[in-house]
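Note that the structure is a prediction, hence the values are computed from the model and not measured. Letters A, B, ... mirror the listed sequences (proteins, then strands); counts begin at 1.
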Amino acid sequence: MALIEPEDARLAKLEELRRLGVDPYGGPFPGTNPIRELVQQFDSLEGSSVRAAGRIANQRDMGRAAFMDIKDWTGVIQAFFQLNRLGEEPFQIQKQLDAGDLVGVEGNLVKTRTGEKTIFVERFRVLAKALLRPPEKWHGLRDREKRYRRRAVDLFTNEEVMDCFLTRSQIIRAIRDYLQERGFIEVETPMMQSVPGGAAARPFRTHHNALDIDLYLRIAPELHLKRLLVGGMQRVFEVNRNFRNEGVSTRHNPEFTMLEIYEAYGDYTSMMQLAEGLISHLAQDVRGSSALPFGEAMIDYCPPWPRRAFWDLLDERLGLQRGDEKRIRQLAEQSEMEGAASEPADLLAFRLFEKHVEDSLMGPVFVVDYPKSISPLAKAKAEDPDLAERFDLYIAGMEIAPAYSELNDPQEQERRFLDQVGAEDERQKLDTDFLRAMAYGMPPAGGMGVGIDRLVMALTDQDSIRDVILFPLLRPTD
RNA sequence: GAGGGCGUAGCUCAGUUAGGUAGAGCAACGGACUUUUAAUCCGUAGGUCCAGGGUUCGAUCCCCUGCGCCCUCACCA
């Protein structure tokens with residue numbers, strides 16, 4: 001049984017093309033102009049011969065003439081096929097074309113009498129006969145499940161989807177440029193690790209056959225990047241995937257893209273400046289404005305961004321004061337939180353923050369002065385040792401970027417790790433090799449992790465992470 | 001993992017008010033048309049109504065189970 005079921009009518013046209021001596025999956029078609037250029041630079045190109053290649057988005061058949069809308073990833077332009085311009089046989093070939101086929105056309109760029117910029121086709125080549133129909137021409141593919149499962153169709157059908165992913169690419173490129181201009185180098189560290197560290201999350205497990213060892217897909221690159229600080233790399237960053245074996249939601253995909261940045265001799269305040277500079281630059285240069293819409297809200301990326309203390313926000317929103325353990329547990333209980341009686345109060349406070357405060361932080365806002373106990377990789381504040389030198393950057397109600405003054409005291413780091421290890425065997429195995437590296441001397445440093453998918457969501461006004469990941473995880477169907 | 005919603009033609013959706021084996025638009029097919037643009041006009045065809053079971057004379061509709069997706073919550077970034 002065939003794996004796909006082509007349309008009979010299209011198979012017949014495929015055969016007819018072959019009978020006419022045409023390869024329905026034709027060779028290269030070089031020398032084309034991006035269609036947007038043909039449209040935008042029409043005035044200077046008018047009357048000259050141009051070439052374009054793309055997908056037939058729509059056909060208007062007039063008998064001895066036909067109009068087609070040819071679409072590439074930059075835009076769409078009309079092509080006009082006429083019997084007396086092409087001749088009998090080429091026109092017969094044109095008759096075998098359907099919406100969805102890929103075609104290359106060449107001809108004069110002129111306007112029709114109704115003023116439409118049009119390629120009057122002199123020559124054309126069939127580049128690919130589509131055996132399946134594209135979705136309907138004006139509603140397109142709307143069904144979310146079909147869109148995610150058939151992203152190829154989604155991309156060529158829904159312009160705003162293509163635009164979003166083109167923007168994502170521009171954002172990532174702009175990040176690389178921005179950091180490299182400031183002396184940061186891009187590195188790559190292991191995705192497969194024997195000890196998954198750098199975050200509190202459940203890892204995916206896999207196995208290496210030749211060495212016969214279990215490995216974990218990384219939950220964060222943090223501990224390896226800090227080894228590079230020990231090694232003398234002073235400014236490093238990595239943009240790559242992390243993998244966390246946790247739930248899936250509009251803000252969580254099991255594999256997601258993280259930017260981690262480390263700056264030797266910096267601290268969390270230098271990371272604040274970097275975050276402000278970088279993200280406002282992205283808004284301005286990639287999105288074209290320092291104020292961008294997100295849903296109903298307008299987000300102003302113009303620095304400086306406010307700093308708000310963790311406990312102040314909890315006090316303001318929930319009337320919760322630092323150290324009031326009884327009330328924290330009481331509220332956790334009311335919020336039906338697991339471990340309301342047993343988990344450390346700071347951790348519960350943090351969860352209450354995520355549950356009741358986070359969504360309202362349109363930001364950008366730096367939340368600072370987190371409890372040290374929930375920040376095992378961050379330095380303590382000298383003037384208030386129960387707090388950490390840490391911020392979480394919130395934008396559009398999402399945690400976008402946590403950053404620390406990185407702890408560089410190996411003995412203190414060891415104590416903090418040991419405090420974290422409890423019954424959670426798989427979540428926090430100890431990376432002793434990392435501690436050993438730190439014992440050789442790690443420079444004080446600022447470090448930040450930027451959730452790229454969420455940042456793209458904020459900058460492109462998307463409310464689901466699946467709309468900024470080309471192939472989000474779905475349960476397979478067949 | 002829990003709760004709610006959804007699943008009908010290739011696509012976007014109606015619908016069966018209260019159970020009697022389904023409809024539109026677009027797409028497709030045949031025909032007319034050499035400047036149309038959601039082309040138009042005439043005609044035709046197209047469905048395991050998500051899957052399995054139950055109730056019933058009869059189920060796409062009611063009930064149960066399963067599968068998938070969406071939303072909210074939980075875990076997490």
Touch class at under 4.0 angstrom, heavy-atom based, for [X] against every strand present:
{"X": "N253(A)", "answer": "base"}
{"X": "D453(A)", "answer": "nothing"}
{"X": "R113(A)", "answer": "base"}
{"X": "G140(A)", "answer": "sugar-phosphate"}
{"X": "T157(A)", "answer": "nothing"}
{"X": "I400(A)", "answer": "nothing"}
{"X": "K13(A)", "answer": "sugar-phosphate"}
{"X": "G451(A)", "answer": "nothing"}
{"X": "D143(A)", "answer": "sugar-phosphate"}
{"X": "R454(A)", "answer": "base"}

Check [Y] with [X], please: is the shortest side-chain N to carboxylate O separation under 4.0 Å?
{"X": "D467(A)", "Y": "R168(A)", "value": "no"}
{"X": "K111(A)", "Y": "E116(A)", "value": "no"}
{"X": "D69(A)", "Y": "R60(A)", "value": "yes"}
{"X": "D98(A)", "Y": "K129(A)", "value": "yes"}

**Request:** Would you please say whether a donor-acceptor pair under 3.5 Å links the side chains of R466(A) and N253(A)?
**Result:** no
**Request:** Scan side-chain atoms only and decide if E238(A) and T189(A) contain a donor-acceptor pair under the 3.5 Å cut-off.
**Result:** yes
Rounded to whole angstroms, how far apart are [atom1] on [X] and [atom2] on [N]?
{"X": "N245(A)", "N": "rG1(B)", "atom1": "CG", "atom2": "C1'", "value": "14 Å"}
{"X": "E354(A)", "N": "rU72(B)", "atom1": "CD", "atom2": "P", "value": "16 Å"}
{"X": "N58(A)", "N": "rC26(B)", "atom1": "CG", "atom2": "C1'", "value": "10 Å"}
{"X": "L347(A)", "N": "rC75(B)", "atom1": "CG", "atom2": "C1'", "value": "12 Å"}
{"X": "R202(A)", "N": "rG1(B)", "atom1": "CZ", "atom2": "P", "value": "11 Å"}
{"X": "F120(A)", "N": "rU36(B)", "atom1": "CZ", "atom2": "P", "value": "11 Å"}
{"X": "L131(A)", "N": "rG10(B)", "atom1": "CG", "atom2": "C1'", "value": "14 Å"}
{"X": "L11(A)", "N": "rA28(B)", "atom1": "CG", "atom2": "P", "value": "15 Å"}

Counting heavy atoms from C-beta on, name the nucleotide in [options] closest to the side chain of [X].
{"X": "S464(A)", "options": "rU12(B), rC71(B), rU35(B)", "result": "rC71(B)"}
{"X": "D98(A)", "options": "rA74(B), rC29(B), rC33(B)", "result": "rC29(B)"}
{"X": "Q78(A)", "options": "rC13(B), rU36(B), rC29(B)", "result": "rU36(B)"}
{"X": "E145(A)", "options": "rC71(B), rC33(B), rC69(B)", "result": "rC69(B)"}
{"X": "L474(A)", "options": "rA74(B), rC69(B), rU36(B)", "result": "rC69(B)"}
{"X": "A9(A)", "options": "rA39(B), rU12(B), rA28(B)", "result": "rA28(B)"}
{"X": "E136(A)", "options": "rA74(B), rU35(B), rG10(B)", "result": "rG10(B)"}

Taking OP1 and OP2 of [N], is either one under 4.0 Å from a side-chain nitrogen or oxygen of [X]?
{"X": "K137(A)", "N": "rA39(B)", "value": "yes"}
{"X": "R85(A)", "N": "rU34(B)", "value": "no"}
{"X": "R60(A)", "N": "rU35(B)", "value": "no"}
{"X": "R466(A)", "N": "rC71(B)", "value": "yes"}
{"X": "K355(A)", "N": "rA74(B)", "value": "yes"}

**Request:** Could you pick out which residue, N84(A) or R149(A), lies toward the 5' side of RNA chain B when each is mapped onto its nearest nucleotide?
**Result:** N84(A)
**Item:** Nearest-nucleotide comparison on RNA chain B, the residue closer to the 5′ end among A65(A) and L141(A)
**Value:** L141(A)
In the strands shown, is [N] matched to any nucleotide by a Watson-Crick or G-U wobble pair with both distances under 3.5 Å, and which?
{"N": "rU48(B)", "answer": "none"}
{"N": "rC26(B)", "answer": "rG10(B)"}
{"N": "rC33(B)", "answer": "none"}
{"N": "rA18(B)", "answer": "none"}
{"N": "rC62(B)", "answer": "rG54(B)"}
{"N": "rA2(B)", "answer": "rU72(B)"}

When you compare [N] with [M], how far apart are their [atom1] atoms, in angstrom units rounded to a whole number?
{"N": "rG19(B)", "M": "rU60(B)", "atom1": "P", "result": "14 Å"}
{"N": "rG7(B)", "M": "rG15(B)", "atom1": "C1'", "result": "15 Å"}
{"N": "rC73(B)", "M": "rG66(B)", "atom1": "C1'", "result": "24 Å"}
{"N": "rA2(B)", "M": "rG10(B)", "atom1": "C1'", "result": "37 Å"}
{"N": "rA51(B)", "M": "rC61(B)", "atom1": "P", "result": "10 Å"}
{"N": "rC67(B)", "M": "rG31(B)", "atom1": "C1'", "result": "45 Å"}
{"N": "rA32(B)", "M": "rC13(B)", "atom1": "C1'", "result": "31 Å"}
{"N": "rU72(B)", "M": "rG25(B)", "atom1": "C1'", "result": "34 Å"}

Hey, is the side chain of [X] pairing donor to acceptor with the base of [N] inside 3.5 Å?
{"X": "R133(A)", "N": "rA28(B)", "answer": "no"}
{"X": "R64(A)", "N": "rU34(B)", "answer": "no"}
{"X": "E116(A)", "N": "rU36(B)", "answer": "no"}

**Request:** Using the salt bridge (Lys or Arg N to Asp or Glu O under 4.0 Å) rule, pick out the option among E263(A), E406(A), E260(A) that qualifies with K226(A).
**Result:** E406(A)
**Prompt:** So do Y370(A) and Y404(A) actually touch side chain to side chain, heavy atoms under 4.5 Å?
**Reply:** no
**Prompt:** Can you find a pair of side-chain heavy atoms, one from S49(A) and one from E106(A), that are under 4.5 Å apart?
**Reply:** yes
**Mutual orientation of the aromatic rings belonging to F124(A) and F81(A) [parallel < 30°, tilted 30-60°, perpendicular > 60°]** = perpendicular
